[in-house]
Amino acid sequence: AQSVTQPDIHITVSEGASLELRCNYSYGATPYLFWYVQSPGQGLQLLLKYFSGDTLVQGIKGFEAEFKRSQSSFNLRKPSVHWSDAAEYFCAVGGAGAAGNKLTFGGGTRVLVKP
Amino acid sequence: DAGVIQSPRHEVTEMGQEVTLRCKPISGHNSLFWYRQTMMRGLELLIYFNNNVPIDDSGMPEDRFSAKMPNASFSTLKIQPSEPRDSAVYFCASSSRDSGSYEQYFGPGTRLTVT
């Protein structure tokens, strides 16, 4: 069965500081991995995705994520956080397995940005 | 592209009433997903369709919930009768199964309040 764990429910970071959000997954085949962001009152927006190739992927809004197969992780990073990055972030896994094109989402990490 | 369109954006109804939520997926997408989001349970997949056919409805909480996709550009999620515990934000998402990329694009959601 596929699953995603985001160990941190809340993270508080100062504006301008770096941010790293953790994501661990379990998937029986080659995983496709995603990070989504949800601002208050909004739907989920795709930040970036990993299918294959370079394990460091760049996304929108200055975010990047690194796929580490040996650790079953896909952590999201941003070098310098802006106040507008305050939101909830979701990691998701899917792929060409028995689950079809269904995605499994983690529980989310809520990011608060201090001035 | 207009993105995924959901209506209404907000719905307030009384317990026992029928509620119908609507979704128009992105043109050309052939997979459609209905999710429910609450503080307590997070993001839950209710049902998804491929080429207008329901593939997995194991997430539908009970028989009061039903979903249809009569054509490639329209889907409904109906709750009859509604109960206060159905209060949540309901999201529709679509993806292109044929592209093999699996990323889902979310609508803005419908915030349902059942009193």
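Each chain gets a letter, A, B and so on, in the order the sequences are listed, and its residues count up from 1. Every value quoted in this text rests on a predicted model; they were computed, and no experiment measured them.
For chain B, no part of Q45(A) is nearby; none of its heavy atoms comes within less than 4.5 Å. L44(A) touches chain B through backbone and side chain together, each having a heavy atom under 4.5 Å away. Only the side chain of R9(B) comes within contact range of chain A, with at least one heavy atom under 4.5 Å from a heavy atom of that chain.
Taking the side chain to side chain donor-acceptor pair (under 3.5 Å) definition, one finds that D56(B) meets it with K102(A), S58(B), sequence neighbours left out.
There is a path of hydrophobic side-chain contacts, each under 4.5 Å, that joins V4(A) to I11(A). Under the 4.5 Å side-chain contact rule for hydrophobic residues, W35(A) and V13(A) share a cluster. When the side chains of ILVMFWY residues are joined at heavy-atom separations under 4.5 Å, either directly or via intervening members, V4(B) and L77(B) end up in two distinct hydrophobic clusters. Under the 4.5 Å side-chain heavy-atom criterion for Ile, Leu, Val, Met, Phe, Trp and Tyr, I9(A) and V111(A) are members of distinct hydrophobic clusters. I79(B) and Y48(B) fall into different hydrophobic clusters, where Ile, Leu, Val, Met, Phe, Trp and Tyr side chains are chained together by heavy-atom contacts under 4.5 Å.
The CD atom of E103(B) lies 4.5 Å from the CZ atom of F51(A); values are rounded to the nearest 0.5 Å. Atom-to-atom distance recorded for F106(B):CZ and Q38(A):CD is 8.5 Å, nearest 0.5 angstrom.
Residue-environment remark: CZ (R64(B)) exceeds the threshold of 12 foreign heavy atoms within 6.0 Å. Remark: R77(A) CZ is packed, more than 12 non-hydrogen atoms of other residues, nucleotides or ligands lying under 6.0 Å away. Within a 6.0 Å sphere centred on CD of E62(B), other residues, nucleotides and ligands contribute more than 12 heavy atoms.
Counting heavy atoms from C-beta outward, E44(B) and F105(A) have side chains that stay 4.5 Å or more apart.
Within residues 30-37 of chain B, the residues having any heavy atom closer than 4.5 Å to a heavy atom of chain A are S31(B), F33(B), Y35(B), Q37(B), listed by residue number.
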